Amino acid sequence: MQRRILLVDGERALKTALATALRQDGYEVELADSGDEALELAAHTPLDLVVTDLRLPAMDGLDLFRRLRERQPGLAGVVVTAYGSLESAVEALRLGFADYVTKPFEVAALRRLVGRVLAASRPSGGAVDPFARAAVPHELLAAPGEGRWVHDLWQVGAGRRGVLLAAEPGAGRGVMRALFRAEAAHCARPRAVVERVAQWLGERLVAFFGVVDMAGRVLRFATRGGMVARLCGADLGTDALSGRHDDLGLAIDAADRLVVGSPDAAAADPEAGLGEAQALRAGALLRVDVGSVVRSLEEDTLTLRPPCSAEACIARTEEVAARAGLEATDTFRVVTAVAEAVHNAECHGYGGRDEGRIEVRYLQTPRDLLIQVRDSGCGFDAEAAEPALVGPGDLYRESGRGFLVMRRLMDAVDVESALGQGTTVRMEKGVGSPRLA
Amino acid sequence: MATDVDEARGVRVVVPRGNLLGEEVEALRRRLGEALIAETTHVVVDMRPVRYVSARALGVLVSHLGELRHRGGDLKLLGCHPTVHQLLGLCGLGALFEFLDTDDDIAAHFGPQLSGPEREQLLGVRAQGDGC
């Protein structure tokens, strides 16, 4: 089915160029000059994506998107602005925009972004993908971690990278995480991600952050607030982010700890007598167990290779449920549902053959624990495998795939599968009262 | 094999070695199938080692329950963890099964079908060889 995009912008030339490019990509494209015109058009036409300028006459892009979403809650959106600011970007993500773009931009970049956003969203009229929906906006509301370190993990380029953040409580770590995720979607190079986040933050927030190379267990492309840090690798060789330097250095010491501080300080007595927050402000020496940080970065994804042990899945899910603060009853429900999904992936995805992999991804938001179980197996015809009958007899059909049981256990379960393309099961469980930053 | 059997005359006690997921479900299916082949009509599944049960395991239990009752026997669950009780309840199967709390309940519940010596032997076997 052809996906339909609405472009809303007062600049006719830009709009026309974008429309031409997107039509070449196979999309159906509608155009509007203003918010009112967009609302009028959307009243009669189901949309898959709206790309809107932030500043529009009478009604701005944020208001427009809010009103469009009232009519079509699953609608994806991208906001374009020539007046980029941290506040507007945060507000856009908070509203549920999938991403934002600052002018000037390359048409090719926007085309890639549109493709990515639409790939993650359902066709108009389809069910909302809870995992994709929650991925970025909820990060904005996420409570800061218990410790001083905040981490996140995503794919940048060909390697698996993580971001390491350090900031004092209240410094806006949730916002920084959201910015990292959004920028990672734009950039294939970790260095560019850090540069762009630093550009957004400027001197507003005092934080140290960097991108961790998961394979090499080395922190790369680090910076602190608006300043640029000198970077030291495991061999203490330097790799400057740019021509600018300040007195913050990073290194991996002989004990496999991350050392943060001036190069001179790194060689001096590590006991500076400062509290961690003070030391961070001062750029003085800090030492962090890199191994534990890297391990914690990997905690949100469990990769299994069939035939796989159900016990590994149970243990990891119990850990995640405990971190999310689930009570025993809900923990049991979540673990049972995840074990069911993994078991199904193994039985139906691979037929007992030892190949492929099953990936269990956990994402905690302030309101929900989201779990995605994805296999790269043979897939199935979801409609044929899941009859409309929902009586008790269907729950335990031996030929079934346990989806009905999962639905009894979880607040929401969404199954996506196609023959030859693997299966993805997304599950959602409420975690009680929101914990706001 | 992942599932053990403790058999006294007329009653077969199947003891899974852990959660009824993956291979353990197939072992359970085999053991219950063997009971049908041996024309044993009274079966107890010792659920004490089990905390998590898959939908497929539920299917195995329910299908054998129906077959055994059709033959005049029964399948009862011994020592179910609260989580298993909860799952059965969520799936609307709580009322379908009869639950036993202790080993002694096996003889007590199947007692009417067993003669005096068989009943005494069953109690003796359970006392000596639990979980074999």
Side-chain angles (χ1 to χ4, degrees), chain A residues 304 306-318 321 326-350 352 358 373 385-386 389-411 413 425, chain B residues 1-3 16-33 36 45 47-70 75 77 79-99:
Chain A
L304 302 164
C308 46
S309 161
E311 301 306 324
C313 168
I314 289 171
R316 176 66 67 88
T317 309
E318 284 179 339
L326 290 186
E327 293 180 351
T329 300
D330 281 341
T331 296
F332 149 72
R333 292 183 181 205
V334 169
V335 173
T336 302
V338 174
E340 188 74 47
V342 169
H343 180 55
N344 273 317
E346 190 173 14
C347 290
H348 298 286
Y350 303 101
I358 299 166
V373 179
E386 212 175 355
L389 297 171
V390 291
D394 298 302
L395 291 169
Y396 52 81
R397 284 182 313 119
E398 287 186 56
S399 59
R401 293 167 187 271
F403 298 134
L404 294 172
V405 170
M406 289 180 220
R407 291 201 164 101
R408 292 285 173 99
L409 294 166
M410 302 293 279
D411 296 340
V413 175
V425 180
Chain B
M1 191 164 290
T3 304
R17 289 189 174 166
N19 294 318
L20 288 175
L21 304 166
E23 290 180 354
E24 199 64 34
V25 180
E26 292 311 308
L28 176 70
R29 185 201 305 276
R30 282 196 299 274
R31 290 304 194 190
L32 294 176
L36 291 175
V45 179
M47 300 290 282
R48 284 175 292 195
V50 179
R51 286 191 67 205
Y52 296 107
V53 178
S54 69
R56 184 171 291 207
L58 292 180
V60 170
L61 290 171
V62 170
S63 64
H64 282 82
L65 173 71
E67 183 59 32
L68 288 166
R69 285 189 177 163
H70 180 69
L75 183 152
L77 303 178
C80 272
H81 192 276
T83 57
V84 178
H85 267 294
Q86 192 184 1
L87 179 63
L88 291 168
L90 281 170
C91 296
L93 304 176
L96 206 57
F97 289 94
E98 189 170 342
F99 300 96

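Quick caveat, the model's predicted, so the values are computed rather than measured. Labels below follow one simple rule: chain letters A, B, ... track the order of the sequence lines, proteins then strands, and each chain is numbered from 1.
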Just list the side-chain donor-acceptor pairs under 3.5 Å for residues 330-337 of chain A, sequence neighbours left out, or say none.
from: A:T331; atom 1: OG1; to: A:E327; atom 2: O; distance (Å): 2.9
from: A:T336; atom 1: OG1; to: A:F332; atom 2: O; distance (Å): 2.8

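Across every non-hydrogen atom of A:T329 and B:Q86, the tightest pair is CG2-NE2, 2.7 Å. Looking at every heavy atom in both residues, A:E311 comes nearest to B:N19 through OE2-ND2, 3.4 Å.
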Pair B:L87-A:V405, side chain to side chain contact (heavy atoms under 4.5 Å, CB included): steps then yes or no: CA-CA 9 Å; B:L87 179 63; A:V405 170; 4.0 Å; yes

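The CD atom of A:E346 sits 8.0 Å away from the CD atom of B:E23 when rounded to the nearest 0.5 Å.
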